[in-house]
Amino acid sequence: MSRYNVKETEAKWQEAWERRACFRAVEDPSRPKYYVLEMFPYPSGRIHMGHVRNYTIGDVIARYKRATGFNVLHPMGWDAFGLPAENAALEKKVHPAKWTRENIATMRGQLRTMGLSVDWEREIATCDVEYYRHEQKMFLDFLKAGLAYRKESWVNWDPVDNTVLANEQVIDGRGWRTGALVEKRKLSQWFLRITAFADSLLNDLATLDRWPERVRLMQENWIGRSTGVRFRFALAGRPDTLEVFTTRPDTLFGASFAAISPNHPLAAELAAGNPDLAAFIAECNRLGTSEEAIETAEKRGFDTGLTVVHPFDSGWTLPVYVANFVLMEYGTGAIFGCPAHDQRDLDFARKYGLPVTPVVIPADADPAAFTVGTEAYTGPGVLRNSRFLDGMDVESAKQEVGRRMEEAGQGERTTQFRLRDWGVSRQRYWGCPIPVIHCADCGAVPVPEADLPVVLPEDVTFDRPGNPLDHHPTWKHTTCPSCGKPAVRETDTFDTFIESSWYFARFCSPHAESAGFERGAVDYWMPVDQYIGGIEHAVLHLLYARFWTRALKQCGYLSVEEPFAGLFTQGMVNHETYKDAETGAWLSPADITRNDAGAMVRADTGAAVTVGRVEKMSKSKKNVVDPANIIDTYGADAARLFMLSDSPPERDLEWTEAGIDGAWRYINRLWRMVDEPPVALPAPGAALPGELSERAVATRKLVHKTIAGVGDDLEKFRFNKAVARVRELTNALAEIDGSGAGEAAVLREGYEAVVRLIAPMMPHLAEELWSRLGHTSLLAEQPWPRADAALAVDDTVTIAVQVNGKLRATLALPRDMAREAAEQAALADETVVRALDGKPVRKVIVVPNRVINVVV
RNA sequence: GCGGGCGUGGCGGAACCGGUAGACGCAUCAGACUUAAAAUCUGAAGCCGUCAGGCGUGGGGGUUCGAGUCCCCCCGCCCGCACCA
């Protein structure tokens, strides 16, 4: 018995595909295109199981779509700028460029062993000047279009990384990478006007019907649109006004106070002459935004002594508080409080003894008796105690107040977003230089297009904290493009989310020199038909990419608005965790073995091991399995099969030794079956004989059902079901000894079907078996098999017979049998008769080809 | 707190539109081959019961001839957001 030589075989077919350039993508307007893209990897050093899962899923889609006639673009590249390279520079004294390029080389080699149907000629790395020079140009165009601007602003400062973080990089008041408590600093920063597209980014989510619902929801919440009225209170005894934003202008006659944020300019002004207030503000800021603080923070305020005048009654004034729950970053940093209809305002009012006047009464409540206790009423109802609004519903009252405000010039109806503009300046070295020069006289001047690219210098040192670009002896010194005087370059670099905001377009023409991409190529390939990646990018990356695409469109670069027509978010790869029972130290799966008693112990010492929860593979918990080792031992196909079996792709997958063994066993079983058939098979392409045994006919039916089923499963990302179906067919084929009429021919048909159906999942094995079946063509270039629709349906069906809904028998009957005949057959069945026990039949329900229910 | 998702054998998971619950795999057990083991092959198996049969999809109720699937209430787990006026 020969054995399947994985290593040789996988290498052989990878070379064959390469030689034939099977996966090279060429624009061809006469054919329908399909762009499959997995989120490109950060070159961290080695590939991990998450990559294997991601790229396996993408490759199945790419190979399947190619076989079904699409012109497929399936590229690969590197998200190569970013902090880890600088950390490596500090820790290991390696230059970030060297570290990054070496990692890319390693990981490229590892990905190649997976046998991905990738067009490697399109490979890009975002740290190459050939890549990032184009985003410098885009940025200049955004500047001209008013989509980029500079503003002095408070930034989140990570004291460990010495860098600015975006709001979304701050989690519970801590840096997302370092976990360090974030500080506030004021710096001049570049911003991209993502809010200019807030409406479009929100509304067009509805058109993304091939995106997961929850991703759309998360983006919707992130953008956070709300409509309301922005208006100005007159401050009693002062010439200025206090501007507030409200979504409930209808409750204006229920107002009992106004409140401003501790960071509001007015608060700062008042604090200057009031030490108590200054102390209160300082305390609010100290509390910060930490998880605990928000959860338990009590509503607290400080009465400023100022009052504002009610906009519709000059004789009515409201006290102005500084309140800890009012955010400076949202709206105007000031509100009016209506306790009866807002829980926060109610908590506040109860604490400070402010009046609570209900002005919206539920339709079914008695207006005279309706009161608000400890819970604010936020539902619909009829306006009361509200003068000219009395009797209106909430919506009309909102509009009426807005209208009157606008008439009086006191305010206007507006839309407010939670989304803020995207701060893109980073005080880092390993990123794309921001193409701007600072001149003492002319200010921030864009680098002229002719002077692009601004190349990131590589001769830098990391011996001092802060940004090496800043310390570089010559790099930043230049002359002002506007006045010619000495000036300095911007030493900040771009947020690396910028590179990943347009790489999908670059893949369309990765070698274009005069522009980031050629118009014709992008028009042909974009949008990405199927994008695949982790859920962790649900908001940031995907929102930025959607924004950048809109900005590019506005600047005339391309014609699409949505970069990703379809999105699939895969689950994580998990593994059991292990700890030394005595020391509590995490142990890697490689350190564990089973002793003779079957217990988990340390392989080195034999000491007892505690088996912990199944968790996401992570270095910190040491529960990682290196895919390179797996591929080296079992081959790429086994790893790929394991990734696709059992767990649906959107769910988490538990990596187990038993699972990879199972995959390996199946590969060998299939190989043996095809390599040593029970009878000699007819030549490839030979016609089926006219006479077929009953078993042969049944097998053909299963073959064609499986072909139809697997295609359907792959279309719907049900890879686990596709695998199950193919295994079912394999089991059936293994039963056939070839002795009956026509069985040898049916075995060939069946083997070929299995081989072709597994090709997207296990391409090397499939290619090898295809060749062993006598074909000289490459399977990678063969079309997807077609199911014979006539064979894919059964002419005998198994019908369940129930008595009062309980299963009593199953009958094999011809498909589409007449109801009466089916009913007779059911009533004649022995077990059914016994179950009826002579009782009169009241009714018989017949569901054709499925079930017969006898009711007694 | 708000929003979303999930709950099926020992385990991962199937079950199209309300119609035979447990496909496929893992683990387990028995048998064959072997001096033996591994590998491989054959077979068993939701649970209770000797059989007849009964019970079973987190729990309780409902709709229906029929419910894992639909409706109501409850429990548990996971994810996202978090004072957004």
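- Between the P atom of B/A85 and the OH atom of A/Tyr330 lies a distance of 4 Å, rounded to the nearest Å.
- A donor and an acceptor atom, one from each side chain of A/Asn731 and A/Glu735, are nowhere located under 3.5 Å apart.
- Spacing of P atoms, B/U63 relative to B/C29, comes out at 47 Å, to the nearest Å.
- Here A/His310 and A/Phe233 keep their ring centres 6.0 angstrom or further from each other.
- The distance between the ring centers of A/Phe642 and A/Trp655 falls below 6.0 angstrom.
- Atom CG in A/Asp652 sits roughly 9 Å away from atom P in B/G13 (whole-Å rounding).
- If you check B/G4, B/U42, B/C41 against the side chain of A/Glu735, the one that comes closest is B/U42.
- Counting non-hydrogen atoms under 4.0 angstrom, A/Arg842 reaches nothing in the nucleic acid.
- Set against B/G54, B/A27, B/U42, the side chain of A/Ala658 has B/A27 as its closest nucleotide.
- Put simply, NZ on A/Lys806 is 12 Å from P on B/A21, counting in whole angstrom units.
- Considering only side-chain atoms of A/Ile335, the nucleotide from B/C24, B/A85, B/U40 that sits closest is B/A85.
- Crowding of A/Arg214 atom CZ: a count of heavy atoms from other residues, nucleotides or ligands under 6.0 Å not exceeding 12.
- With rounding to whole Å, A/Met762 atom CE is found 13 Å from B/G25 atom P.
- Nearest-nucleotide mapping onto RNA chain B: of A/Ile535 and A/Arg248, the residue sitting toward the 5' end is A/Ile535.
- Taking the six-membered ring where the residue is Trp, A/Phe336 and A/Phe231 present tilted rings, their angle falling between 30° and 60°.
- There is no side-chain donor-acceptor pair under 3.5 Å between A/Tyr377 and A/Glu375.
- Nucleotides B/U28 and B/C11, compared at atom C1', are 11 Å apart to the nearest Å.
- B/A27 atom C1' lies 13 Å from atom CD of A/Glu654, rounded to whole Å.
- In textbook terms, a nucleotide whose glycosidic angle is within 90° of 0 is syn, while B/C70, being further out, is anti.
- At least one side-chain heavy atom of A/Arg216 sits less than 4.5 Å from a side-chain heavy atom of A/Leu208.
- In this model, the phosphate group of B/A85 is approached by a side-chain N or O of A/Ser226 to a distance below 4.0 Å at OP1 or OP2.
- Rounded to whole Å, the C1' atom of B/C55 lies 16 Å from the corresponding atom of B/G22.
- Remark: P of B/G1 and CG of A/Leu346 are 17 Å apart, rounded to the nearest angstrom.
- The A/Arg665 side chain lies nearest to B/A27 when the options are B/A85, B/A27, B/A52.
- In this structure, the nucleotide among B/U40, B/C24, B/G80 sitting nearest to the side chain of A/Met218 is B/G80.
- Heavy-atom contacts from other residues, nucleotides or ligands closer than 6.0 Å to CZ of A/Arg695 number more than 12.
- Nearest-nucleotide mapping onto RNA chain B: of A/Arg834 and A/Asp661, the residue sitting toward the 5' end is A/Asp661.
- Among the protein residues, A/Asn731 comes within range of the sugar-phosphate backbone only, with heavy atoms under 4.0 Å from sugar or phosphate atoms but none that close to a base.
- Within the cation-pi definition used here (under 6.0 Å to the ring centroid, within 45° of the axis), A/Arg418 does not qualify as a partner of A/Tyr330.
- Minimum atom distance to the side chain of A/Glu728 is reached by B/A23, of the listed B/A85, B/A23, B/G54.
- In this structure, the CD atom of A/Glu650 is 11 Å from the C1' atom of B/G5, given to the nearest Å.
- A glycosidic torsion no more than 90° from 0 defines the syn conformation; B/G54 lies beyond that range and is anti.
- Atom CD in A/Glu615 sits roughly 13 Å away from atom C1' in B/C78 (whole-Å rounding).
- Rounded to the nearest Å, the gap between the C1' atom of B/G49 and that of B/G56 is 15 Å.
- The side-chain hydrogen bond (donor to acceptor under 3.5 Å, both in side chains) search around A/Lys616 returns none, not counting sequence neighbours.
- Counting only Watson-Crick and G-U wobble pairs whose two key distances fall under 3.5 Å, RNA chain B forms stems of three or more stacked pairs at B:1-7 with B:75-81, B:10-12 with B:24-26, B:28-32 with B:40-44, B:46-48 with B:53-55, B:58-62 with B:70-74.
- Using a 4.0 Å heavy-atom distance criterion, A/Val326 is classed as a base contact.
- OP1 or OP2 of B/A82 lies within a sub-4.0 Å distance of a side-chain N or O belonging to A/Arg418.
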Nucleotide by nucleotide, nucleotides 14-20 of chain B touches protein heavy atoms under 4.0 Å in the pattern (B base, S sugar-phosphate only, - none) SSB--BB

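- Note: A/Tyr321 and A/Phe348 have perpendicular aromatic rings, judged against thresholds of 30 and 60 degrees for the angle between ring planes.
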